[in-house]
Amino acid sequence: MRKTIVLILSSVVLQAVPVLARTPSPENAQVYFIWPSDGMVVGHAFWVRMGLRNMGVAPKGTDIAKTGHHHLLIDTDLPENMDQAVPNDRNHLHFGAGETEARIELPPGSHTLQLLLADKDHIPHDPPVYSKKITVTVK
């Protein structure tokens, strides 16, 4: 009897939890690096300038169609699960205030950079809007 009640309650709770659908993006949306470009040699502190076509930039929490905010992926790949929020750590920088440029610091060596646009809740759009991965060398 107890198992039956637990199963019924679990079913009710699961039905009450909303399923978040990913925010749609236009098929022609593009995010790209304005600066730096692939193969550049940069100082340990440098500016990253982010571009976006066919969508708008808006701060996190802003619920306006065809908008999102930038995330910079450093020395990592795109998230495997695009249904979850982009992690927030040293490899995933969030620009939730709607920034389109930022000064970042990296240790000397070769580093990969990639941009990923995400919605008001930091979840990548559907289809995801991301740049090609570039490599910079920090001197």
Side-chain angles (χ1 to χ4, degrees):
M1 177 72 168
R2 187 175 194 152
K3 284 184 180 180
T4 304
I5 292 172
V6 170
L7 287 174
I8 291 170
L9 288 175
S10 296
S11 174
V12 169
V13 169
L14 288 175
Q15 288 177 1
V17 175
V19 176
L20 297 176
R22 287 176 47 204
T23 303
S25 64
E27 287 184 28
N28 60 352
Q30 296 177 328
V31 63
Y32 57 93
F33 288 98
I34 297 170
W35 204 92
S37 57
D38 191 29
M40 266 188 133
V41 176
V42 297
H44 81 281
F46 61 97
W47 285 93
V48 173
R49 292 189 172 88
M50 302 162 266
L52 181 63
R53 285 192 186 107
N54 301 315
M55 285 187 75
V57 175
K60 68 181 178 184
T62 303
D63 192 9
I64 298 175
K66 299 180 184 174
T67 66
H69 63 277
H70 292 287
H71 295 80
L72 177 62
L73 283 56
I74 302 170
D75 297 328
T76 190
D77 294 324
L78 291 168
E80 286 186 26
N81 187 346
M82 293 285 189
D83 293 330
Q84 295 180 356
V86 177
N88 190 5
D89 56 33
R90 65 185 180 95
N91 298 103
H92 302 84
L93 303 184
H94 289 233
F95 298 102
E99 301 98 316
T100 57
E101 62 181 21
R103 188 167 173 84
I104 65 168
E105 294 183 24
L106 293 175
S110 180
H111 298 278
T112 62
L113 306 175
Q114 189 168 27
L115 295 171
L116 175 61
L117 200 70
D119 70 9
K120 63 183 177 51
D121 299 314
H122 304 284
I123 298 173
H125 293 79
D126 188 19
V129 180
Y130 56 90
S131 72
K132 75 173 203 156
K133 189 182 281 192
I134 67 169
T135 300
V136 297
T137 301
V138 176
K139 58 180 176 175

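Just so we're clear, the structure is a prediction, and the values are computed from it rather than from any experiment. These numbers come from the heavy atoms of this one structure, side chains and all, not from hydrogens, waters or symmetry mates.
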Next item on the list: Group every Ile, Leu, Val, Met, Phe, Trp and Tyr by side-chain heavy-atom contacts under 4.5 Å, then state whether L115 and M55 land in the same group.
Entry: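 Linked within one cluster.
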- According to a 4.5 Å side-chain heavy-atom criterion applied to Ile, Leu, Val, Met, Phe, Trp and Tyr, with indirect links allowed, do L72 and I123 form part of one hydrophobic cluster? no
Nearest non-hydrogen partners of [X] and [Y], listed with the distance:
X    : Y   : result
A102 : M50 : N-CE, 4.3 Å
E105 : A45 : CG-CB, 3.6 Å
N91  : D89 : N-OD1, 2.9 Å
P59  : A97 : CG-O, 3.8 Å
V57  : G98 : CG1-O, 3.3 Å

Is a donor on one side and an acceptor on the other found under 3.5 Å between the side chain of [X] and the backbone of [Y]?
X    : Y    : result
R49  : T100 : no
Q114 : K132 : no
T76  : L73  : no
S25  : P127 : yes
N81  : D83  : yes

Pairwise ring pair (Phe, Tyr, Trp, His ring centres under 6.0 Å) hits with a residue in residues 67-103, at least two apart =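 Of all non-adjacent pairs touching residues 67-103, those that pass ring pair (Phe, Tyr, Trp, His ring centres under 6.0 Å) are H69-H71, H69-H122, H71-H94, H71-H122, H94-H122.
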Do [X] and [Y] come close enough that some side-chain heavy atom pair is under 4.5 Å?
X   : Y    : value
L78 : P128 : no
P79 : L116 : yes
V41 : V136 : no

**Prompt:** For T23, which residues count as a side-chain contact (heavy atoms from CB on, under 4.5 Å) partner, sequence neighbours excluded?
**Reply:**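 Applying side-chain contact (heavy atoms from CB on, under 4.5 Å) to T23 gives D119, H125.
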- Counting only heavy atoms not in K66, do more than 12 fall under 6.0 Å of its NZ? no
**Asked** With a cut-off of 6.0 Å (strictly less than), are more than 12 heavy atoms of other residues, nucleotides or ligands near CZ of R90?
**Response** no
- prompt: Under the side-chain hydrogen bond (donor to acceptor under 3.5 Å, both in side chains) test, which residues partner E99, sequence neighbours left out?
  reply: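 Listed in chain order: nothing, the list is empty.
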The side-chain hydrogen bond (donor to acceptor under 3.5 Å, both in side chains) partners of D75 (sequence neighbours excluded) come to H111
Test side-chain contact (heavy atoms from CB on, under 4.5 Å) applied to I74 and T112, L93, V48, the passing residue:
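With I74 as partner, side-chain contact (heavy atoms from CB on, under 4.5 Å) holds for just one option, L93.
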*Cationic N near anionic O, under 4.0 Å, D121 to K60*: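 Salt bridge absent between D121 and K60.
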Show the atom names and distances, to 0.1 Å, of all donor-acceptor pairs under 3.5 Å that link a side chain in residues 27-39 to residues at least two apart or in another chain.
{"residue": "Q30", "atom": "OE1", "partner": "R53", "partner atom": "NH1", "Å": "3.0"}
{"residue": "D38", "atom": "OD1", "partner": "T135", "partner atom": "N", "Å": "2.8"}

- prompt: In Å and rounded to the nearest 0.5 Å, what is the CG to OH distance from L117 to Y130?
  reply: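 Interatomic distance, L117 CG to Y130 OH, rounded to 0.5 Å: 13.0 Å.
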| field | Residues clustering with W47 (ILVMFWY side chains joined when closer than 4.5 Å, directly or via others) | value |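 Noted: W47 shares its cluster with no other residue.
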